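Fair warning: this is a prediction, and the values are worked out from it, not measured in the lab.
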Amino acid sequence: MGGRVSERQASRLLHRLDALLDGELARLTLTDNRSSFLHARRDHGGGLQLRLHWVFAGTEPAVLRAVADFAAGALPPARRRETLATLRAAFDRRPRDGRSARPAPRRHLVPAGRAHDLAAITETLNRRHFADALRVAITWGAWPARRRRGARRTIRLGSFVADQALIRIHPALDQRWVPRQVVESVVHHEMLHAALPATAARNGRRALHPPEFRRREREFPGHAEAEAWIRAHLPRLLRSRPPRRRS
């Protein structure tokens, strides 16, 4: 249950959407996720599993029809863009509470790198793997300060800042010898964090990588090869330094 939606409202929404989807809705989960306000997939039995931002619980019939059409999929490209625009407009009109009214500010974004364009990569992945429903910004991160000798050295290739809906990618990947497939795999991983927020596990901890996360990560084309490449080239990535400025 998310936001300010009662059990009665949620039940009514479930029945309205199920009717619009001809009885194919197997599960509805309401969320507070501002990065991915709608995500739909089919289960093994063909039923539709739908994750939807709670703001759509009280929406008008035309917008709810757009939710159903987009969730069902198989729309012609022009109709799909029109439907997505309707959903985004409705989402942007959502009421603001104390948590969402003033999101943390973003610093200057630099998605265009020397070797790889993160904006182009994100746009392609959003279209192919997230039905164009993911709303995130992306940037190359800053080079970290050099550590003293003997210190343990690690590298975090990507991160997702939820309250800013922002993905940062380590600049060590912005080199011509780093394959685009590797950068795409890292970006896809962080986009999954935006689409599938951490959930509460049985032990009370937050599950950052729930089963659906791992399943979708494994299904990403070239994921296993990218992971193998990163392991093989990790020492070289750790030795990477910022490019020298031209005088």
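Side chains of Leu234 and Ile155 form a contact here, defined as non-hydrogen atoms less than 4.5 Å apart. You'll find the side chain of Phe160 stays beyond 4.5 Å of the side chain of Leu166, heavy atoms only. For the pair Leu52 and Leu17, the minimum side-chain heavy-atom distance is below 4.5 Å. The side-chain heavy atoms of Arg168 and Glu190, taken from C-beta on, include no pair separated by under 4.5 Å. When side chains are defined from C-beta on, Leu38 does not count as touching Arg51, because their heavy atoms never get closer than 4.5 Å.
Residues Leu84 and Leu21 share a hydrophobic cluster, clusters being chains of Ile/Leu/Val/Met/Phe/Trp/Tyr side chains in contact below 4.5 Å. Under a hydrophobic clustering in which Ile, Leu, Val, Met, Phe, Trp and Tyr are joined whenever their side-chain heavy atoms come within less than 4.5 Å, directly or via other members, Phe91 and Leu87 fall into the same cluster.
The pair Arg81-Asp132 does not meet the salt-bridge criterion, since no charged nitrogen lies less than 4.0 angstrom from a carboxylate oxygen. One finds a salt bridge joining Glu24 and Arg42 here, because a Lys/Arg side-chain nitrogen approaches an Asp/Glu carboxylate oxygen to under 4.0 Å.
Checking Ile138, Leu125, Leu196 one by one against Met191, the side-chain contact (heavy atoms from CB on, under 4.5 Å) holds for a single residue, Leu125.
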Can you give each donor-acceptor pair under 3.5 Å made by side-chain atoms of residues 176-188, sequence neighbours left out, with the distance rounded to 0.1 Å?
from	atom 1	to	atom 2	distance (Å)
Arg176	NH2	Arg114	O	3.4
Trp177	NE1	Gln175	OE1	3.1
Arg180	NE	Glu184	OE2	2.9

In a table with atom names and distances, give each donor-acceptor pair under 3.5 Å that connects a side chain of residues 218-229 to protein atoms at least two apart or in another chain.
from	atom 1	to	atom 2	distance (Å)
Glu219	OE1	Arg215	NH1	3.1
Glu219	OE2	Arg215	NH1	3.2
Trp229	NE1	His233	ND1	3.4

Please list every donor-acceptor pair under 3.5 Å in which a side-chain atom of residues 60-73 meets a protein atom from a residue at least two apart or in another chain.
from	atom 1	to	atom 2	distance (Å)
Glu60	OE2	Arg93	NH2	3.4
Arg65	NE	Asp69	OD1	3.1
Arg65	NH2	Leu20	O	3.3
Arg65	NH2	Asp69	OD1	3.0
Asp69	OD2	Arg79	NH2	2.8

- Task: Begin with the C-alpha distance, continue with both residues' side-chain angles, and end with the deciding distance and a verdict on side-chain contact (heavy atoms from CB on, under 4.5 Å) for Phe56 and Leu30.
- Result: CA-CA 9 Å; Phe56 290 99; Leu30 298 181; over 6 Å; no
- Message: If you apply the rule side-chain contact (heavy atoms from CB on, under 4.5 Å), what do you find for Phe213 with His193, and how did you get there?
- Response: CA-CA 8 Å; Phe213 185 107; His193 277 302; 3.7 Å; yes
- Task: For side-chain contact (heavy atoms from CB on, under 4.5 Å), just list the numbers for Leu173 and His116, CA-CA rounded to whole Å, side-chain angles, deciding distance to a tenth of an Å, and then say yes or no.
- Result: CA-CA 8 Å; Leu173 294 179; His116 301 286; 5.8 Å; no
- Taking it one step at a time, do Leu50 and Arg27 satisfy side-chain contact (heavy atoms from CB on, under 4.5 Å)? CA-CA 6 Å; Leu50 179 61; Arg27 183 178 180 182; over 6 Å; no
- Query: Could you go step by step and tell me if Glu212 and Arg41 meet the salt bridge (Lys or Arg N to Asp or Glu O under 4.0 Å) rule?
  - Reply: CA-CA 11 Å; Glu212 184 179 356; Arg41 70 178 181 89; 3.1 Å; yes
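If you take CD on Gln49 and OG1 on Thr29, they are separated by 7.5 Å, rounding to the nearest 0.5 Å. With rounding to the nearest 0.5 angstrom, the OG1 atom of Thr139 is 5.0 Å from the CG atom of Leu109. Taken from CG in Leu157 to CG in Leu237, the straight-line distance is 6.5 Å, to the nearest 0.5 Å. Interatomic distance, Glu123 CD to Asp117 CG, rounded to the nearest 0.5 Å: 9.5 Å.
Annotation for Arg214: atom CZ counts as buried by contact number, over 12 foreign heavy atoms lying within 6.0 Å.
The aromatic rings of His170 and Trp143 lie perpendicular to each other, with more than 60° between the two planes, well past the 30° mark.
Ser36 places no side-chain N or O within 3.5 Å of a backbone atom of Ala194 that could act as its donor or acceptor partner. Judged purely by atom type and a 3.5 angstrom limit, Trp140 has no side-chain atom pairing as donor or acceptor with the backbone of Ile169. Asn33 contributes no side-chain N or O that, together with a main-chain N or O of His53, makes up a donor-acceptor pair within less than 3.5 Å. Side-chain atoms of Arg216 come within 3.5 Å of backbone atoms of His129 as a donor-acceptor pair (strictly under, hydrogens ignored).
The two residues Phe130 and Ala195 make their nearest non-hydrogen contact at CE2-CB, 3.8 Å.
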